[in-house]
Amino acid sequence: MKRTRNSLPFRKAAAVLTAALLATGMAACGNSDTGGGSAGGDDKLVLGFSQVGAESGWRTANTTSIKESAAEAGVELKFDDAQQKQENQIKAIRNFIQQKVDVIAFSPVVESGWDTVLKEAKDAKIPVILTDRAVDSADKSLYKTFLGSDFKKEGRLAGEWLVEQKKSASGPVNIVELQGTTGSAPANDRKEGFAAAIAANPNLKIVASQSGDFTRAGGKQVMEQFLKANPKIDVLFAHNDDMGLGALEAITAAGKVPGKDITIITIDAVKDGMQALADGKFNFIAECSPLLGPQLMELAKKVHKGEEVPARIETEETTFTQEQAKEALPNRKY
Ligand code: GYE
């Protein structure tokens, strides 16, 4: 049968086509109404989050906190794990921009090199929140706010405790330092805060300092080298619990008693670290909280609505001795 404009099959096909066009048109409208991110027509906030990786107990607890809080807050989370590589984070952020998410949050693996991609987000009118780690961009308009810890203070608290412990030392106290990821805000700032505090006592000397990349394997490997190269190590300052835990193996293998022959100071206070402290293997921990999820969701909602938020929001933290760790352990959340 020949199809003319007025034949029934033609009219049916045209009707179906019109309905389909209308539906896509409406979906597209819905998108632009909510800033482009809420695919599917509902008005759920879409948050793109680029995580550093899964290098430590701290990071795993941080990821859990973010995922759980997103679900509780009714936020649609697009989560990407960058495996500790800046190029992967830049790729993830570009993907989020392309997908037109409502808000982008990320924990920058290193401090430098973000201006170009942050400018792309700004041009696309997608607000950015920094969580946990800072960037060194001079242009503060490239992000809305920073949520995280005062890493310099953590380093300072660790150093001040050591100064107090060693105040009656008559000879040199040799310190080795396991730094976090090279170029990261917590490695830079913890190093600086600790060095400033121990300057109070000229007997306290850092004899070796190297990155263990915030991992247990890195901590173990670098501590082995430290032990081989330095006959007398009195103190280990590790920028996180995981590197300290890795170093424990190297110290024991070298026939030394951790917590006694070598005083061990770390940062984070995750469960495994607190257990080592309670067991007398570590001597002191400066806390760094990974539970940033709930505050991040609140901030994401606010910046999406265009509300003003403080430029910097700092987490409240404390410190633990061995006795305090024993008390705190049963109620520790991470
Ligand atoms: O201390 C460490 C993690 O950026 C505060 O990263 C975070 C640090 C944390 O790998 O364990």
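We count ligands from 1, going down the list as the structure has it; atoms in each ligand are counted the same way.
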Tell me the closest heavy-atom pair linking P108 and V135, and the distance in Å.
CG-CG1, 3.6 Å

Output a table of donor-acceptor pairs, distance under 3.5 Å, between side-chain atoms of residues 166-174 and any protein atom two or more places apart or on a different chain; print 'none' if there are none.
{"residue": "K167", "atom": "NZ", "partner": "E164", "partner atom": "OE2", "Å": "2.4"}
{"residue": "N174", "atom": "ND2", "partner": "K232", "partner atom": "O", "Å": "3.0"}

Under 30°, 30 to 60°, or over 60°: which ring-plane class applies to F284 and W161, parallel, tilted or perpendicular?
parallel

List, pair by pair, the atoms of ligand 1 and of the protein that are both N or O and lie under 3.5 Å apart, giving the separation rounded to 0.1 Å.
{"residue": "ligand 1", "atom": "1 (O)", "partner": "R190", "partner atom": "NH1", "Å": "2.9"}
{"residue": "ligand 1", "atom": "1 (O)", "partner": "R190", "partner atom": "NH2", "Å": "3.1"}
{"residue": "ligand 1", "atom": "1 (O)", "partner": "D268", "partner atom": "OD1", "Å": "2.6"}
{"residue": "ligand 1", "atom": "1 (O)", "partner": "D268", "partner atom": "OD2", "Å": "3.4"}
{"residue": "ligand 1", "atom": "4 (O)", "partner": "R59", "partner atom": "NH2", "Å": "3.2"}
{"residue": "ligand 1", "atom": "4 (O)", "partner": "D132", "partner atom": "OD1", "Å": "2.7"}
{"residue": "ligand 1", "atom": "4 (O)", "partner": "D132", "partner atom": "OD2", "Å": "3.2"}
{"residue": "ligand 1", "atom": "4 (O)", "partner": "R133", "partner atom": "NE", "Å": "2.8"}
{"residue": "ligand 1", "atom": "4 (O)", "partner": "R133", "partner atom": "NH2", "Å": "3.4"}
{"residue": "ligand 1", "atom": "6 (O)", "partner": "R59", "partner atom": "NH2", "Å": "3.0"}
{"residue": "ligand 1", "atom": "6 (O)", "partner": "R133", "partner atom": "NH2", "Å": "2.9"}
{"residue": "ligand 1", "atom": "10 (O)", "partner": "E55", "partner atom": "OE2", "Å": "2.5"}
{"residue": "ligand 1", "atom": "10 (O)", "partner": "S56", "partner atom": "OG", "Å": "3.0"}
{"residue": "ligand 1", "atom": "11 (O)", "partner": "S56", "partner atom": "OG", "Å": "3.2"}
{"residue": "ligand 1", "atom": "11 (O)", "partner": "N240", "partner atom": "ND2", "Å": "2.9"}
{"residue": "ligand 1", "atom": "11 (O)", "partner": "D268", "partner atom": "OD2", "Å": "2.6"}

With a 4.0 Å cut-off on N to O distance, would you call K191 and E177 a salt bridge?
yes

If we ignore hydrogens and angles and just use 3.5 Å, is the side chain of S65 paired with the main-chain N or O of A61 as donor and acceptor?
no

Spacing of CD belonging to E317 relative to NZ belonging to K153, to within rounding of 0.5 Å
7.5 Å

